[in-house]
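Written out below as structure tokens is the structure these notes cover.
Just so it is clear, the structure is predicted and the values come from calculations on it, not from any experiment. The basis for the numbers below is simple: all heavy atoms, side chains too, and nothing from hydrogens, waters or symmetry mates.
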Amino acid sequence: MATFFFFLLSFLICFHLSSAEPFIGVNYGQVADNLPPPSATAKLLKSTSIEKVRLYGADPAIIKALANTEIGIVIGAANGDIPSLASDPNSAAQWINSNVLPFYPASKIILITVGNEVLTTNDPNLINQLLPAMQNMQNAINGASLGGKIKVSTVHSMAVLGQSDPPSSGLFSPSYQPALKGLLQFQKDNGSPFAINPYPFFAYQSDSRPETLAFCLFQPNAGRVDSGNGIKYMNMFDAQVDSVHSALSAMGFKDVEIMVAETGWPYSGDSNEVGPSIENAKAYNGNLIAHLKSMVGTPLMPGKSVDTYLFALYDEDLKPGPCSERAFGLYKPDLSMVYDVGISKSSQTPSTPVTPQPKPTATGWCVPKAGISDAQLQSSLDYACGQGIDCSPIQPGGACFEPNTIASHAAYAMNLYYQSSAKNPWNCDFSQTATLTSQNPSYNNCIYPGGST
């Protein structure tokens, strides 16, 4: 029992420390005519574990509403601002005077993004003006004695990569490398992050096999081996982020931090769109958050979580394009959840005053369903142990090694993954091969964490 109580204590300590994650943010887009007032949004954000918000502009009402919340704020200068920012240092100083100084430090502005996906506009004039605009913005920040406190970056589409599969072969497209060299040197000199927009959703749309969906949703799958280094990837997010890391390394900038400026999954789409659904969106965002909270990192950047901004806080009903473009929101305009990904600080919200979920998740163990094949269980075992949990008890000599069967080892790993996650029902799904039980599966000296305490 001592082992169990030690695990429980460790879990509670980790849970306490991770109740608010400094590496989880959200995008707050405003291409809509039905959004709640900024004050209501600020109150909503404070009720969640989200610690950072990315704006695409610098709306003063929103920046002001977030004052004294300790929520980090990313603000942006639009692509249309780049020519004036590049040509006139006074324009950059005026931008800082208008959009930063009236609000800082009460409003915790941490980053300014100059432009959005500029390189892939393929506009040579705009691309050539991007670095001077960022330099002038940095000089204006330094002039306001905020150097080192507020960083300057720009955001890129994954299309800046000419090669991304396997991740170890990641390279920036040769046509973008001249511009990137200057931008990356600036970012290295100033300690700002390389911001990128990876979307496993779009990867799935171009390869809609069931095994690709599982790979994209952080669900049990056979994994994909990187032919360059032999590393097995268990999810598309890690593969995409590591391909960016490889591309940075190939350019000589492996120490520049990566920031995921946007990633998400739509919960609805047109009839001809592959992938959008409430179930898939909940699985992607919920499992991504659990993955980030685990601090396991990616295979090429282990032991830390990349700053990640979920897309998006609300639907944006005026966005053009397919239906899915208007269905990425985590919350509705009435502030109720579209679906629950475990970011609310309260287990109950006004929109769901009572749910049956807390009882089984507080007292249950996660075990395989009857009749599941060894192949499926092996997939779940590989997945769970690949997420940073301690699988040593099911290794030779471990307390749970005997009986030495796939079913027994998978049961231990699936339960430990579930207990170490947010303990949402979908963390005990494993592609519908697992279920929650109130019967303690522990035996002899093999203690399954979980249950009532």
Side-chain angles (χ1 to χ4, degrees), residues 22-23 25-28 30 38 51-119 126-156 179-197 248 253 255-262 306-307 309:
F23 40 77
V26 71
N27 286 271
Y28 182 176
Q30 295 173 267
E51 292 233 325
K52 299 178 180 181
V53 172
R54 178 182 167 221
L55 309 179
Y56 290 83
D59 187 308
I62 295 174
I63 298 172
K64 195 171 183 180
L66 292 169
N68 304 310
T69 62
E70 283 303 303
I71 293 171
I73 308 166
V74 179
I75 59 176
N79 289 5
D81 296 331
I82 290 173
S84 62
L85 291 171
S87 62
D88 183 6
N90 290 328
S91 176
Q94 184 56 51
W95 200 95
I96 296 297
N97 288 341
S98 300
N99 299 304
V100 176
L101 297 186
F103 313 106
Y104 187 90
S107 296
K108 191 178 171 183
I109 298 167
I110 55 175
L111 180 69
I112 297 170
T113 58
V114 178
N116 191 48
E117 300 188 350
V118 171
L119 297 193
L126 201 61
I127 292 170
N128 290 336
Q129 291 170 321
L130 179 56
L131 179 56
M134 291 170 67
Q135 290 169 329
N136 283 341
M137 190 73 88
Q138 183 68 55
N139 290 336
I141 288 172
N142 295 344
S145 301
L146 295 176
K149 296 176 181 175
I150 299 175
K151 310 283 189 181
V152 175
S153 188
T154 188
V155 179
H156 301 286
L180 282 166
K181 189 170 184 181
L183 293 172
L184 288 168
Q185 188 61 54
F186 166 87
Q187 297 192 265
K188 181 179 180 180
D189 293 343
N190 292 283
S192 65
F194 183 80
I196 192 84
N197 295 340
L248 290 170
F253 294 98
D255 295 329
V256 172
E257 291 282 333
I258 295 171
M259 166 184 144
V260 173
E262 282 182 27
V306 171
D307 271 9
Y309 291 75

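You'll find the side chain of M137 reaches within 4.5 Å of the side chain of I96, heavy atoms only. Two residues are said to be in side-chain contact when any heavy atoms from C-beta on lie closer than 4.5 Å; H156 and L180 meet this criterion. Put simply, the side chain of I141 does not reach to within 4.5 Å of the side chain of V100, judged on heavy atoms. At a threshold of 4.5 Å between non-hydrogen side-chain atoms, the residues F103 and I73 do not count as touching. Residues Q185 and F253 form a side-chain contact, since some pair of their non-hydrogen atoms from C-beta on lies under 4.5 Å apart. Put simply, the side chain of V155 reaches to within 4.5 Å of the side chain of N116, judged on heavy atoms. A heavy-atom distance below 4.5 Å is not found between the side chains of K52 and V74.
Closest heavy-atom contact between A58 and I75: CB-CB, 4.3 Å. The minimum heavy-atom distance between V152 and L111, with the atom names listed, is N-CD1, 4.0 Å. Scanning all heavy atoms of the two residues, the minimum distance from L248 to V256 falls at CD1-O, 3.9 Å. Scanning all heavy atoms of the two residues, the minimum distance from A261 to R54 falls at O-NH1, 3.3 Å. Across all their heavy atoms, P38 and A61 have their closest contact at CB-O, 3.8 Å. Here the closest heavy-atom approach between residue L85 and residue A77 is recorded as CD1-CB, 3.9 Å.
Using a distance-only test at 3.5 Å, with no hydrogens or angles considered, no donor-acceptor pair links the side chain of N136 to the main chain of A133. Under a 3.5 Å cut-off, the side chain of N99 and the backbone N or O of W95 do form a donor-acceptor pair. Counting only distance, with no hydrogens or angles, the side chain of S153 and the backbone of P193 share a donor-acceptor pair below 3.5 Å.
Screening T154, N197, N79 for a side-chain contact (heavy atoms from CB on, under 4.5 Å) with E117, the sole residue that qualifies is N197.
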**Request:** Take N27 and Y56 through the side chain to side chain contact (heavy atoms under 4.5 Å, CB included) test and state the conclusion after the steps.
**Result:** CA-CA 8 Å; N27 286 271; Y56 290 83; 3.1 Å; yes
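Note that CG of L126 is 4.5 Å distant from CD1 of I82, once rounded to the nearest 0.5 Å. The OH atom of Y104 sits 13.5 Å away from atom CD1 of I63, with the distance rounded to the nearest 0.5 Å. Between M259 atom CE and I196 atom CD1 the span is 11.0 Å, to the nearest 0.5 Å. In this structure, the separation between CD on Q187 and CG on D189 is 10.5 Å, given to the nearest 0.5 Å. Here the CG-OG distance, from L101 to S145, works out to 9.5 Å after rounding to the nearest 0.5 Å. Note: D59 CG to K64 NZ = 12.0 Å, rounded to the nearest 0.5 Å.
Using modelled atom types and a 3.5 Å distance limit, the side chains of N142 and Q138 yield a donor-acceptor pair. Looking at Q135 and N139, their side chains never bring a donor and an acceptor atom within 3.5 Å of each other.
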